[in-house]
Amino acid sequence: MIDKKLLLLMVGFYTVFLIISSSKMVYFKSIGERFNDSTWTYMFFGVYFTDYLLVVFFMSIVLLITKYMVIRNWAWGNMIVVHAVMSILLGIFIFTGLLTIQKLMGLHQIQSVDFNTLLYYYFNVIDLNFLIYFSIVGIAHTYYFINQLKEAEAAKNMEKLKLIGVRLNTLQAQINPHFFFNTLNSISSLMVNNVKKAQDTVVNVADLLRTMLDINEVTTILLSKELDILDKYLDIMQTRYPNSLVVEKQIDEGVDNYLVPSLIFQPILENAIKHGFSKDIKVLKVWVKVERTLDGDLMLSVENNGKPLPKSFDVSKTKGLGLKNTVDRLKILFEHKASFNMKNTEQRVVVQIKIPILKEENHYIPMLEAIS
């Protein structure tokens, strides 16, 4: 099958050429310079219209041959030989076709046709036929070359998406066991002193696990859903630290329907709780903030009054998986459009994550199931 777009390009090209050529004929015939022995009917129908049909038919066959050679990846030398032969056949086909159709239409003006007459008419337009043929063939090869580039780029992008999906899936798979391992440690410590709290915590963990299984293969979720997961996590943590962990949330109005990476807060809070307590910090205060920035992004912040970060702190060199995976996920999901910053201020340790504002109706991050 011929590609419809390519066929339209070829027909469009030759239509424009024929309009220009027939305009030239009309001008010279009108002033009596040329074609005086031919009628208008003969020129328009016996020559131009017939020529148009013959060229479109012949070049359609050439397009099929060209497609075959491109798909089969023929060498350029072989393709040039084929096209050279076909360009010669074009002239012969047009001339013999014109004579046959003109005779059938009763418009035949050539009294006798011999070999010399054939050569005369053939060589009279050989340069024009050559240019027309290779112009159309050039369009065809350009068309197929551009298509091949697009297909190669699409294949490259799809392969990239698959690799991203595998890597992102791996990162999320690391987060879940990491979180539950630490949670189980919390439950085991409660079993010694408070069995009732330990039982309640097991119920909370089961509820949280059910929720996390629901979003297992989703890269982003609504902020409202993320905050619900955060609340369940904090219920578990405050069971372990009943009088020493205080969490305050400051959420801008109207941001609940924005999309954020799933489980984005949990590893940051876990890190704050793990490293925030010290001999001087008996009560750890944590502030979770979500706000729109002036430049149209979404800022997710977790601040705590715990032990300051070491001066040489580098998130890429930390031993834990939580923060590293968070940074890697942000790079995969948003590339340069997201940022992760962790620093000391005068009285707090601050983690700031800036991401583009995403809503469900204009969500552009591919879900894992779409590229698996």
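One is the number of the first residue; the rest follow in order along the sequence. What's counted below: heavy atoms across the whole structure, side chains too, no hydrogens, waters or symmetry copies.
The backbone N or O of Ile251 lies less than 3.5 Å from no partner atom in the side chain of Glu291, so there is not a single donor-acceptor pair. Asp3 contributes no side-chain N or O that, together with a main-chain N or O of Lys5, makes up a donor-acceptor pair within less than 3.5 Å. No donor-acceptor distance shorter than 3.5 angstrom exists from the side chain of Asn344 to the backbone of Val349, with no hydrogens or angles considered. Counting only distance, with no hydrogens or angles, the side chain of Thr50 and the backbone of Phe45 share a donor-acceptor pair below 3.5 Å. With hydrogens and angles ignored, the 3.5 Å screen pairs a side-chain donor or acceptor of Glu226 with a backbone N or O of Ile264. Between the Arg348 side chain and the Pro308 main chain, no donor and acceptor come within less than 3.5 Å of each other. In this structure, Arg329 contributes its side chain and Ser262 its backbone to a donor-acceptor pair below 3.5 Å.
Here the closest heavy-atom approach between residue Asn304 and residue Gly276 is recorded as OD1-CA, 4.5 Å.
Counting heavy atoms from C-beta outward, Glu153 and Gln148 have side chains that stay 4.5 Å or more apart. Side-chain contact between Val247 and Val288 is present, with heavy atoms from C-beta onward closer than 4.5 Å. Between Ile94 and Leu98 there is a side-chain heavy-atom pair separated by less than 4.5 Å. At a threshold of 4.5 Å between non-hydrogen side-chain atoms, the residues Leu245 and Ile273 count as touching. A heavy-atom distance below 4.5 Å is not found between the side chains of Tyr133 and Asn129. Ile139 has its side chain out of reach of Tyr144: every pair of non-hydrogen atoms, C-beta onward, lies at least 4.5 Å apart. Residues Glu303 and Lys289 are in side-chain contact: their nearest non-hydrogen atoms beyond the backbone lie under 4.5 Å apart. Proximity of Leu284 to Ile281: side-chain heavy atoms (C-beta onward) are separated by under 4.5 Å at one or more points.
Within 6.0 Å of atom CZ in Phe145, 12 or fewer heavy atoms from other residues, nucleotides or ligands are found, so the atom counts as exposed in its surroundings. Counting heavy-atom neighbours within 6.0 Å of Lys274 NZ, excluding the residue itself, gives a total of 12 or less. Environment of CG in Asn36: crowded, with over 12 heavy atoms of neighbouring residues, nucleotides or ligands closer than 6.0 Å. Other residues, nucleotides and ligands contribute more than 12 heavy atoms inside 6.0 Å of the CZ atom of Phe313.
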ask   = Run the side-chain contact (heavy atoms from CB on, under 4.5 Å) check on Met342 and Leu323 step by step: do they pass?
value = CA-CA 10 Å; Met342 193 169 182; Leu323 294 182; 3.8 Å; yes
ask   = Would Ser278 and Asp280 satisfy side-chain hydrogen bond (donor to acceptor under 3.5 Å, both in side chains), going step by step from the backbone distance to the final call?
value = CA-CA 5 Å; Ser278 66; Asp280 299 325; 5.0 Å; no
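In this structure, Trp76 and His141 have tilted ring planes: the angle between them lies in the 30° to 60° band. His83 and Phe134 have perpendicular rings, their planes meeting at more than 60° on a 0 to 90° scale where under 30° would count as parallel. The aromatic rings of Tyr68 and Trp74 sit perpendicular to each other, their planes meeting at more than 60°, with 30° as the lower class boundary. Taking the six-membered ring where tryptophan is involved, the planes of Phe44 and Tyr48 are tilted, since the angle between them lies from 30° to 60°.
Aromatic pair Tyr14/Phe17: ring centres closer than 6.0 Å. Aromatic pair Phe277/Tyr241: centroids less than 6.0 angstrom apart. Taking the six-membered ring where the residue is Trp, the centroids of Phe58 and Phe93 are separated by under 6.0 Å.
Here the OG atom belonging to Ser87 is positioned 12.0 Å from the CD1 atom belonging to Ile132, to the nearest 0.5 angstrom. Put simply, NZ on Lys331 and CG on Leu333 are 13.0 Å apart, with the number rounded to the nearest 0.5 Å. The distance from atom CG of Leu90 to atom CG of Leu54, rounded to the nearest 0.5 Å, is 9.5 Å. Residue Ser301 holds its OG atom at 13.0 Å from CH2 of Trp287, rounded to the nearest 0.5 Å. Interatomic distance, CG of Leu119 versus CG of Asn124, reported as 12.0 Å (0.5 Å rounding).
Salt-bridge formation is not detected for the pair Asp235/Lys232: no Lys NZ or Arg NE/NH1/NH2 atom is positioned less than 4.0 Å from an Asp or Glu carboxylate oxygen. Look at Lys337 and Asp297 and you find no salt bridge, because none of the NZ, NE, NH1 or NH2 atoms lies under 4.0 Å from a carboxylate O. Using a 4.0 Å cut-off between charged side-chain N and carboxylate O, Asp231 and Lys249 make a salt bridge. A salt bridge does not link Lys285 to Glu248: none of the charged side-chain nitrogens sits closer than 4.0 Å to a carboxylate oxygen.
The side chain to side chain contact (heavy atoms under 4.5 Å, CB included) test with Ser23 is passed by exactly one of Ile20, Ile19, Val26: Ile19. When the options Ile355, Thr326, Asp328 are evaluated for a side chain to side chain contact (heavy atoms under 4.5 Å, CB included) with Phe340, the one that passes is Thr326.
Cluster membership check: Leu8 does not share its hydrophobic cluster with Phe57, using side-chain heavy-atom separations under 4.5 Å among Ile, Leu, Val, Met, Phe, Trp and Tyr.
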